[in-house]
Amino acid sequence: LMIDRPMSFLAKSDYFTGTGPKGWATRIFMKGTGQIPIDRTGGKASEASLNTGLQVLGRGDLLGIYPEGTRSPDGKLYRGRTGLARMALTARVPVVPVVMIGTDDVMPIGRSIPRVGRVGMVIGEPLDFSRFYGMESDRFVLRSVTDEIMVALQRMGEQEYEDVYASTVKDRRPASAL
């Protein structure tokens with residue numbers, strides 16, 4: 001047993017609204033594994049997602065977040081979104097960096113059914129950002145905290161890092177490349 005309390009992950013709401021047998025199976029899996037649907041369209045939706053994450057942390061539960069906001073289109077590590085930093089500072093909690101290894105072997109991009117295989121995890125030391133408590137509205141502090149988290153992830157996973165958002169890279173690619 002690695003953790004002693006419930007852990008939830010923020011997941012895009014599309015996973016909870018699919019139709020047909022595949023949509024039903026995905027929805028059941030997501031709910032059964034503690035995923036929380038969030039709307040990633042920006043603005044008020046993003047604010048609501050942050051508040052949902054803060055409710056989880058406020059209960060004393062663990063919250064898993066993929067700081068890039070989307071799956072890497074090519075295995076590189078991309079710039080993190082600052083919502084993670086905002087939540088960590090607001091909730092006054094440390095961030096434990098975790099890197100998953102081998103996910104592309106089990107679930108390659110574009111594949112809808114996973115392959116049988118093992119995914120590894122590297123768990124880092126908790127990152128303490130208490131020096132920034134009370135500064136969660138300072139965008140420069142949020143970027144600094146986020147970048148520190150991304151550096152820790154890059155070192156642990158030894159991925160190539162690109163200082164651009166993964167969603168921007170995805171938007172530039174033709175649909176056939178995804």
Side-chain angles (χ1 to χ4, degrees), residues 1-12 15 30 33-40 42-43 45-107 118-170:
L1 180 67
M2 294 177 71
I3 55 177
D4 61 354
R5 43 194 167 142
M7 181 165 195
S8 300
F9 285 85
L10 299 182
K12 66 181 176 179
Y15 292 138
M30 294 304 234
T33 56
Q35 313 298 315
I36 300 170
I38 59 164
D39 185 337
R40 304 183 314 168
S46 294
E47 191 68 31
S49 298
L50 289 175
N51 289 335
T52 299
L54 287 170
Q55 288 173 1
V56 170
L57 294 170
R59 292 192 306 258
D61 292 343
L62 301 173
L63 182 65
I65 301 172
Y66 298 95
E68 293 170 280
T70 188
R71 185 170 183 192
S72 172
D74 54 16
K76 293 178 184 176
L77 184 67
Y78 288 94
R79 174 180 252 211
R81 301 283 178 171
T82 59
L84 166 58
R86 184 183 309 275
M87 278 191 274
L89 296 181
T90 301
R92 298 182 176 230
V93 296
V95 173
V96 178
V98 176
V99 174
M100 296 171 68
I101 297 171
T103 55
D104 197 46
D105 295 332
V106 173
M107 188 70 168
R118 293 183 67 120
V119 174
M121 292 176 59
V122 179
I123 302 171
E125 293 295 320
L127 303 174
D128 177 10
F129 296 108
S130 59
R131 65 194 182 276
F132 297 120
Y133 289 170
M135 298 186 204
E136 54 275 354
S137 60
D138 184 322
R139 66 187 180 100
F140 297 107
V141 167
L142 295 177
R143 175 51 48 203
S144 176
V145 168
T146 302
D147 290 347
E148 189 173 328
I149 294 165
M150 300 311 288
V151 166
L153 293 171
Q154 190 278 327
R155 287 181 177 156
M156 291 166 46
E158 300 178 355
Q159 288 174 281
E160 183 180 339
Y161 178 77
E162 292 225 6
D163 194 24
V164 63
Y165 292 117
S167 58
T168 302
V169 173
K170 282 183 171 182

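Please read all numbers here as calculations on a predicted model, not as lab measurements. All residue numbers refer to positions in the sequence shown, counting from 1.
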Item checked: Working for side-chain contact (heavy atoms from CB on, under 4.5 Å), residues Val141 and Phe129 -> CA-CA 10 Å; Val141 167; Phe129 296 108; over 6 Å; no
Notebook entry, point to check: Can you list the steps and then say if Val145 with Leu127 is a side-chain contact (heavy atoms from CB on, under 4.5 Å)?
Noted result: CA-CA 10 Å; Val145 168; Leu127 303 174; over 6 Å; no
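Summarising the geometry, atom NZ belonging to Lys76 is positioned 12.0 Å from atom CD belonging to Glu68; distances are rounded to the nearest 0.5 Å. Within the model, atoms CG of Leu57 and OG1 of Thr90 stand 9.5 Å from one another, a figure rounded to the nearest 0.5 Å. The CZ atom of Phe9 sits 6.5 Å away from the CD atom of Gln35 when rounded to the nearest 0.5 Å. Between atom CD of residue Gln55 and atom OG of residue Ser8 there is a gap of 11.0 Å, rounded to the nearest 0.5 Å. Taken to the nearest 0.5 Å, the CG atom of Leu10 stands 4.5 Å off from the CG atom of Leu63.
Among residues at least two apart or in separate chains, salt bridge (charged side-chain N to carboxylate O under 4.0 Å, His left out) pairs with a member in residues 48-59 are Arg59-Asp61. Counting only residues at least two apart or on different chains, the salt bridge (charged side-chain N to carboxylate O under 4.0 Å, His left out) pairs with a member in residues 77-91 are Arg79-Asp163. Counting only residues at least two apart or in different chains, side-chain hydrogen bond (donor to acceptor under 3.5 Å, both in side chains) contacts with residues 121-134 comprise Asp128-Ser130, Arg131-Glu148.
Met156 and Pro97 make their closest contact through CE-O, 3.3 Å (heavy atoms, listed as atom of the first residue, atom of the second, distance). When all heavy atoms of Ala88 and Val95 are compared, the closest pair comes out as CB-CG2, 3.7 Å. Contact record, Val169 with Tyr78: CG2-CE2, 3.5 Å, taken as the closest heavy-atom pair.
Phe132 is not listed as a side-chain neighbour of Asp138, based on a closest heavy-atom distance of 4.5 Å or more. Using a 4.5 Å heavy-atom threshold, the side chains of Pro67 and Thr146 count as separate. Tyr15 places none of its side-chain heavy atoms less than 4.5 Å from the side chain of Pro37. Between Tyr66 and Met100 the shortest side-chain heavy-atom distance falls below 4.5 Å.
In this structure Gln154 satisfies the side chain to side chain contact (heavy atoms under 4.5 Å, CB included) test together with Leu77, Tyr161, sequence neighbours excluded. Taking the salt bridge (Lys or Arg N to Asp or Glu O under 4.0 Å) definition, one finds that Arg143 meets it with Asp147, sequence neighbours left out. Not a single salt bridge (Lys or Arg N to Asp or Glu O under 4.0 Å) links Glu47 to another residue, sequence neighbours left out.
When each of Thr82, Ile65, Asn51 is paired with Met87, the side-chain contact (heavy atoms from CB on, under 4.5 Å) condition holds for Ile65 and for no other.
Not one N or O on the side chain of Ser144 forms a donor-acceptor pair closer than 3.5 Å with the backbone of Phe140.
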